[in-house]
Student: 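Supplied in structure tokens, the structure appears directly below.
In this chain, residues are counted from 1 in sequence order.
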Amino acid sequence: MRQGCTGRFSQPPAPVLLLLIALTVLLSTAPVIGWRPWPYLKSNATDLQLGDNKKFEGSSEFVHLKYHMGPVLTANITVHTIWYGTWQPAQKKIIREFINSISAAGSKRPSVAGWWKTVQLYTDQTGANISRTVRLGAEKNDRFYSHGKTLTRLSIQSVIKSAVTARTRPLPISPQNGLYLLLTSDDVYVQDFCRQVCGFHYFTFPSIVGYTLPYAWIGNSAKLCPGVCAYPFAVPDYMTGLKPLKSPNGDVGVEGMISVIAHEIAELASNPLVNAWYAGQDPSFPVEIADLCEGIYGTGGGGSYTGQLLDDHDGATYNMNGIRRKFLVQWVWSHILNYCTGPNALDQ
């Protein structure tokens with residue numbers, strides 16, 4: 001039943017009633033999908049419920065984000081990066097600057113640091129906020145594809161294990177404030193990549209890695225599915241007549257990764273062990289603070305419309321400033337305002 005409907009209805013005939021019951025059972029039964037945590041492209045619940053509501057940035061009437069008493073990352077956050085596959089120095093520079101921009105308070109507005117302020121508003125059960133500080137930590141290069149060019153979700157954890165147990169320059173073990181970012185190059189396929197996900201986050205299993213470490217995987221879609229994971233800098237083939245936007249840093253695949261990295265870091269900070277901030281009753285399929293704002297980059301965004309964005313002098317499109325570069329980053333949900341917001345919002 002759609003929320004907000006009122007009025008009385010006469011009792012339908014028995015055959016019709018049986019048909020309605022059968023349809024209800026079929027429509028309400030979701031398939032059980034094993035190993036599908038936080039798919040980047042899953043349905044946005046607010047899109048389904050809002051209908052023709054004009055406030056596409058979200059609605060306080062339909063979103064019930066709750067705190068489930070688990071930890072959030074209140075200590076200074078260190079992002080340890082694994083570069084899996086073949087990466088160009090210029091590509092690494094773009095991603096490093098984005099991560100460094102999260103805590104760069106002096107950046108020109110609207111800024112990546114301003115975007116992070118919404119994430120900072122989330123607290124743990126003691127009232128402590130998510131840390132303002134996010135910094136780059138150690139890096140590990142896996143340029144020889146140690147686990148092959150096709151990875152499963154479980155083998156991703158094996159890649160992380162190799163990085164933290166390497167004989168030379170292993171990544172530090174930081175369960176309390178470390179995030180582990182596994183970035184795969186454009187010639188690596190990961191389970192469900194392009195079909196259901198462009199990235200996801202979870203935590204490692206002690207039985208595989210030896211520790212419980214919050215991590216995220218994000219893939220470079222440049223060769224496999226830029227129209228899916230690098231939109232709007234690339235468009236799907238079926239969207240005929242729609243031209244891609246010009247990316248601000250000249251690398252469509254990496255540009256698409258930036259927003260997914262932001263998405264996953266925000267959710268790792270607010271729900272690192274899957275028991276903190278999320279909507280829905282099922283912790284195995286939660287709707288988190290970035291999921292609620294999927295595809296929204298500016299005021300009025302929703303559906304296939306990104307929202308109002310900014311144009312650079314060279315025609316590139318962006319919505320936030322970093323330290324020196326510009327980026328296009330999706331918004332996140334504010335539980336204070338009860339809608340999606342970002343530093344480039346017209347009401348800021």
Student: Between Glu264 (side chain) and Ile218 (backbone), is there a donor-acceptor pair under 3.5 Å?
Tutor: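 Answer holds: no.
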Student: Quick check: closest heavy atoms across Ser185 and Gly85, and the distance to 0.1 Å?
Tutor: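 What the structure gives for the nearest pair is OG-CA, 3.4 Å.
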Student: Return the minimal non-hydrogen interatomic distance between Val228 and Cys194, and the atom names on each side.
Tutor: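 The pair with the smallest heavy-atom distance is CG1-O, 3.7 Å.
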Student: So, does Asp314 use its side chain to make a donor-acceptor pair with the main chain of Ala316 at under 3.5 Å?
Tutor: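 Yes; at least one donor-acceptor contact below 3.5 Å.
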Student: Could you pull out all residues at least two apart from Asp311 that satisfy salt bridge (charged side-chain N to carboxylate O under 4.0 Å, His left out)?
Tutor: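 With sequence neighbours excluded, Asp311 shows a salt bridge (charged side-chain N to carboxylate O under 4.0 Å, His left out) to no residue whatsoever.
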Student: Among residues two or more places apart or on two chains, list those pairs meeting side-chain hydrogen bond (donor to acceptor under 3.5 Å, both in side chains) that have a residue in residues 98-124.
Tutor: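 Sorted result for residues 98-124: Asp124-Thr126.
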Student: Mind jotting down which residue pairs meet the salt bridge (charged side-chain N to carboxylate O under 4.0 Å, His left out) criterion with at least one end in residues 213-236? Sequence neighbours excluded, please.
Tutor: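 Residue pairs passing salt bridge (charged side-chain N to carboxylate O under 4.0 Å, His left out), neighbours aside: Asp186-Lys223.
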Student: Does Arg153 make a cation-pi contact with Phe200 (under 6.0 Å, within 45 degrees of the axis)?
Tutor: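 Ring-cation test returns yes.
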Student: Is the shortest heavy-atom distance from the side chain of Tyr278 to the side chain of Ile289 under 4.5 Å?
Tutor: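 No, their side chains stay 4.5 Å or more apart.
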Student: Using distance alone, with no hydrogens and no angle criterion, decide if His263 and Asp291 have a side-chain donor and acceptor under 3.5 Å apart.
Tutor: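 Per modelled atom types, His263 and Asp291 side chains form a pair under 3.5 Å.
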Student: Using modelled atom types only, decide if a donor and an acceptor are shared between the side chain of Asp192 and the backbone of Val197 within a distance under 3.5 Å.
Tutor: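 The answer is no, because no donor-acceptor pair under 3.5 Å joins these two groups.
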Student: Using the rule side chain to side chain contact (heavy atoms under 4.5 Å, CB included), only one of Asn220, Ile261, Ile82 pairs with Leu183; which is it?
Tutor: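 Output: one option passes, namely Ile261.
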Student: Is the backbone N or O of Val260 less than 3.5 Å from a side-chain atom of Gln330, with the two atoms forming a donor-acceptor pair by type?
Tutor: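 Not at all, since once roles are kept as given, no pair shorter than 3.5 Å links the two residues.
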Student: Strictly distance-based, threshold 3.5 Å: is any side-chain N or O of Tyr215 a donor or acceptor partner for the main-chain N or O of His201?
Tutor: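 Checked: no pair found.
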Student: Decide yes or no for Lys326 and Met320: does some side-chain heavy atom of the first lie under 4.5 Å from some side-chain heavy atom of the second?
Tutor: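 Not touching, per the 4.5 Å side-chain cut-off.
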Student: Answer yes or no: is there a donor N or O on one side and an acceptor on the other, between the side chain of Glu255 and the main chain of Asn249, under 3.5 Å?
Tutor: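 Pair found, side chain donor or acceptor close to backbone of Asn249.
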Student: Which residue pairs pass the salt bridge (charged side-chain N to carboxylate O under 4.0 Å, His left out) test with at least one member in residues 72-89, sequence neighbours excluded?
Tutor: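 Residue pairs passing salt bridge (charged side-chain N to carboxylate O under 4.0 Å, His left out), neighbours aside: none found.
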Student: Please give the remaining members of the hydrophobic cluster of Tyr318, linking ILVMFWY side chains under 4.5 Å, ordered by chain and number.
Tutor: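 Via sub-4.5 Å side-chain contacts, Tyr318 links to Leu310.
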Student: Centroid separation under 6.0 Å, is that true for the rings of His335 and Trp277?
Tutor: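 Yes, the ring of Trp277 comes within the 6.0 Å limit of the ring of His335, centre to centre.
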Student: Taking C-beta and beyond as the side chain, do Ser259 and Tyr297 meet within less than 4.5 Å on heavy atoms?
Tutor: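 Sidechains of Tyr297 and Ser259: in contact.
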Student: Minimum heavy-atom separation for Gly322 and Phe327, please, with both atom names.
Tutor: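 In terms of heavy atoms, the two residues are closest at CA-CE1, 3.8 Å.
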Student: Kindly say whether Val329 contributes a backbone atom to a donor-acceptor pair with the side chain of Asn319 at under 3.5 angstrom?
Tutor: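 Pair found, side chain donor or acceptor close to backbone of Val329.
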Student: Pick one: which of Leu73, Ile102, Val112 meets side chain to side chain contact (heavy atoms under 4.5 Å, CB included) with Val134?
Tutor: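 It is Ile102; the other options fail the test.
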Student: Parallel, tilted or perpendicular: which describes the rings of Phe193 and Tyr189, with under 30° parallel and over 60° perpendicular?
Tutor: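 Ring orientation, 0 to 90° scale: tilted.
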Student: Could you tell me if Ser158 and Ser155 have a donor-acceptor pair between their side chains, going purely by distance under 3.5 Å?
Tutor: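 Judged by distance alone, the side chains do not pair up.
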Student: Output every pair passing side-chain hydrogen bond (donor to acceptor under 3.5 Å, both in side chains) with a member in residues 80-94, not counting sequence neighbours, ordered by first then second residue.
Tutor: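 Qualifying pairs, neighbours excluded: Trp83-Glu139, Thr86-Tyr145, Gln91-Asp251, Lys92-Asn141.
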Student: Answer yes or no for Cys229 and Cys198: SG-SG distance under 2.5 Å.
Tutor: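 With an SG-SG separation under 2.5 Å, Cys229 and Cys198 do form a disulfide.
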Student: Is the distance between the ring centroids of Tyr339 and Trp331 under 6.0 Å?
Tutor: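 No.
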Student: Quick check: does any side chain N or O of Asn177 sit under 3.5 Å from a backbone N or O of Asn76, one acting as donor and the other as acceptor?
Tutor: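 Flag set: sc Asn177 to bb Asn76 pair under 3.5 Å.
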